Amino acid sequence: MTVGVVGAGITGLALTHYLRERDVNVVTFDARDAAGGVIQSQRRDGHVVELGPQRMRATPGIRELAAAAGVESDIVTASEGSLFVYSRGRLREAPTDVRPFLRTDLLSWPEKLRFLAEPLTQAAQPQETVAEVFSRKFGQAAYERFVGPLYGGLYASDPSEMPAKFALEGLMRREQEAGSLLSAFRQRVGSGEKSPAASFPDGLQTLPEALADTYADSVHLAEPVETVESTPDGYTLDTTTDEYAVDDVVVTTPANAAAELLDNVADGTDALEGLTYNPLVLVYLETDGLPEGLGYQVAYDEDLRTLGVSFNGAMFDRDELCTAFLGGMHDPEILAESDERLGEIATTEFERATGQNATVVDVVRRDRWFPAYDQTWWGLEDVQTPEGVHLATNYTARMGIPSRVREARQLAEELSATTA
Ligand SMILES: Cc1cc2nc3c(=O)[nH]c(=O)nc-3n(C[C@H](O)[C@H](O)[C@H](O)COP(=O)(O)OP(=O)(O)OC[C@H]3O[C@@H](n4cnc5c(N)ncnc54)[C@H](O)[C@@H]3O)c2cc1C
């Protein structure tokens, strides 16, 4: 059996590893000449800058994958730190556990009691938006000041545009099991599922690059797949240089590329084409000094255009570099501003939030960077792939790097079981 994998981001490379580990033939392609997909670590003025994810959780799955690629001992973890929210003129600790919840001044005591009444509310409904679920269950103040910004920040999206059915699928399942969202959350934190934030000295791309090197005989970089065709024996992948016969095809590409690739073999590819992706601006700032913590998000009732700031350099003891995020679904127009203006907005607002000076190291903009998980996701219900064609993506399943690795592993188990 041979599996053809389209995309050498973390999903495609993890899948390559798990298939090879199970002695399944695999051939993996990427359009770009570098491995990692959206995981892109670069150097600017001697600093490591991340254009995609800023950090990952060092879960057992991630450690195992890094060990297979020979880079586990290079993993650097961040010491536990708090997340903050900029609200009513200053940074305030975001409560992610009981003690910070009791001491935070983000909410008044009546607002805290309203929050704690969540187990008495009706379960989240698939047709509701994430904003409706969170404000109904936790109260409007908690939604606007930290639940919305922390959650929406994961997707650079607007929770009032995100159907719970897709965006909260995992959370709703855990809510049913645990009886309430708060208990589900507490069980998760208590179960140690919260592995530390991690990276590598040269950034996150170290992991996909090491995987691509380890499986260099399976991984073809700078060789885009142009079409997927069905044959009596399976499928053919036509790349820019060759034609490959495979039994199964796994597509891990962004949705618009998947729509094009699968047009001849799958139904409902228009819906894939129509999925919204959020734009993003990343402004890298060098600072005189950072406040404590891992970074901050901006509350929805503030007038800042910055969505949030990640204190990357300090988190991994590298330097005083941090990444400010602007744009997203709330503010796509900001991408039209000049680099100079974007730098000015990011530094002025950083100084206002932290009281520290900052200088701009670089500005990067991306038109389509995050799956938005908005109302266009209903279209996914029309997408049907034939037997032997699989979508393993961050828009059909969860986004985070550990989740991508978990899905790759499960799929490898299923595929190898069919050859046994
Ligand atoms: C800005 C940002 C911040 C994030 N922050 C975090 C975070 O802090 N922590 C976390 O865990 N996760 C984070 N995520 C999510 C996580 O990074 C992604 O979900 C994950 O890396 C996606 O990996 P993937 O392999 O599924 O897809 P991708 O990385 O998109 O890889 C798909 C690959 O397909 C290739 N491709 C496209 N067309 C073709 C073709 N025709 N032929 C061959 N190849 C093709 C592309 O070149 C690409 O390499 C973030 C994502 C972004 C964008």
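Atoms within each ligand, like the ligands themselves, are counted from 1 in listed order. Treat the numbers as computed from the prediction; the structure is a model and nothing was measured. Throughout, residue positions are numbered sequentially from 1 according to the sequence presented.
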Legend entry - Aromatic ring pairing His220/Phe29, orientation class (parallel under 30°, perpendicular over 60°, tilted between): tilted
Inset, instruction - Please report which non-hydrogen protein atom sits nearest to atom 4 (C) of ligand 1, along with the residue it belongs to and the distance in Å to one decimal place. - result: Pro53 CA, 3.3 Å
Inset, instruction - Output the list of atoms in ligand 1 that are nearer than 4.0 Å to some heavy atom of Gly400, sorted by atom number. - result: 10 (C), 11 (O), 12 (N)
Legend entry - Non-hydrogen atom of Ser310 closer than 4.0 Å to ligand 1: no
Inset, instruction - Measure the distance from atom 51 (C) of ligand 1 to every protein heavy atom, then report the residue, atom name and distance (to 0.1 Å) of the closest one. - result: Phe370 CE2, 3.8 Å
Inset, instruction - Would you tell me whether Tyr86 and Arg352 have side-chain atoms, one donor and one acceptor, within less than 3.5 Å of each other? - result: yes
Inset, instruction - Provide, to 0.1 Å, the distance between atom 27 (O) of ligand 1 and the closest protein heavy atom, together with that atom's residue and name. - result: Thr252 O, 3.8 Å
Legend entry - The one among Thr240, Val38, Thr59, Asn312 that brings a heavy atom closest to atom 29 (O) of ligand 1: Val38
Legend entry - Contact atoms of ligand 1, heavy-atom distance to Ala257 under 4.0 Å: 38 (N)
Inset, instruction - Identify the protein heavy atom lying closest to atom 22 (C) of ligand 1, giving its residue, its atom name and the separation to 0.1 Å. - result: Asn394 ND2, 3.6 Å
Legend entry - Under 3.5 Å: donor-acceptor pair, side chain of Ser403, backbone of Met399: no
Inset, instruction - Flag the pair Glu223 and Arg32 as a salt bridge only when some basic side-chain nitrogen lies within less than 4.0 angstrom of an acidic carboxylate oxygen. - result: no
Inset, instruction - For this output row, return yes or no: ring centroids of Tyr300 and Tyr143 closer than 6.0 angstrom. - result: yes
Legend entry - ligand 1-proximal atoms of Ile39, by part, heavy-atom distance under 4.0 Å: side chain
Inset, instruction - Before giving the answer on side-chain hydrogen bond (donor to acceptor under 3.5 Å, both in side chains), spell out for Thr236 and Thr231 the whole-Å C-alpha distance, their side-chain angles and the decisive distance to 0.1 Å. - result: CA-CA 7 Å; Thr236 309; Thr231 66; 4.7 Å; no
Inset, instruction - Compute whether any side-chain donor of one residue and acceptor of the other, for Arg404 and Thr11, lie under 3.5 angstrom apart. - result: yes
Inset, instruction - Among all protein heavy atoms, pick out the one at the shortest distance from atom 36 (N) of ligand 1; state its residue, atom name and that distance to 0.1 Å. - result: Thr253 CG2, 3.6 Å
Inset, instruction - Distance to 0.1 Å, residue and atom name: give those for the protein heavy atom nearest to atom 42 (N) of ligand 1. - result: Val225 N, 3.0 Å
Legend entry - Validation row, ring centre Tyr155 to ring centre Phe370 under 6.0 Å: no
Inset, instruction - Determine whether the side chain, the backbone, both or neither of Ala392 has a heavy atom under 4.0 Å from any heavy atom of ligand 1. - result: neither
Legend entry - atom 34 (O) of ligand 1 - nearest protein heavy atom and its distance: Gly7 CA, 3.4 Å
Inset, instruction - Identify, by atom number and element, the atoms of ligand 1 in contact range of Arg32, meaning under 4.0 Å from any of its heavy atoms. - result: 47 (O)
Inset, instruction - Ignoring hydrogens and angles, state whether a donor on the side chain of Ser218 or Arg20 is under 3.5 Å from an acceptor on the partner side chain. - result: yes
Inset, instruction - Examine the side chains of Thr252 and Thr393 and answer whether a donor and an acceptor come within less than 3.5 Å of each other. - result: no
Legend entry - Per-atom contacts of ligand 1 with Pro402, taking only distances under 4.0 Å to non-hydrogen atoms: 11 (O)
Legend entry - ligand 1 contacted by Asp30 (non-hydrogen, < 4.0 Å): yes
Inset, instruction - May I ask you to check if ligand 1 and Met399 share an N or O to N or O distance below 3.5 Å? - result: yes
Inset, instruction - Going by the ring-ring contact (aromatic ring centres under 6.0 Å, His included) test, name the single residue among Phe101, Phe84, Tyr151, Phe115 that passes it with Phe146. - result: Phe115
Inset, instruction - Would you kindly say whether Glu273 and Asn256 are connected by a side-chain donor-acceptor distance under 3.5 Å? - result: no
Legend entry - Tyr215 and His17 aromatic ring geometry - parallel, tilted or perpendicular at 30°/60° bounds: tilted
Inset, instruction - Measure from the side-chain N and O atoms of Arg145 to the backbone N and O of Leu106, and report whether any donor-acceptor pair falls under 3.5 Å. - result: yes
Legend entry - Subset of ligand 1 atoms that lie under 4.0 Å from at least one heavy atom of Gln54: 8 (O)
Legend entry - For Gly52, the ligand 1 atoms whose distance to one of its heavy atoms is below 4.0 Å: 1 (C), 2 (C), 3 (C)
Inset, instruction - Only heavy atoms count here, so choose which of Arg398, Glu50, Arg55 is nearest to atom 7 (C) of ligand 1. - result: Arg55
Legend entry - Options Ile10, Val6, Leu237, ranked by nearest heavy atom to atom 23 (O) of ligand 1, top entry: Ile10
Inset, instruction - Could you tell me which atoms of ligand 1, counted from 1 in the order shown, lie closer than 4.0 angstrom to a heavy atom of Gly37? - result: 29 (O), 31 (O), 48 (C), 49 (O)
Inset, instruction - Looking only at protein heavy atoms, identify the closest one to atom 24 (P) of ligand 1 and say how far it is in Å. - result: Thr11 OG1, 3.3 Å
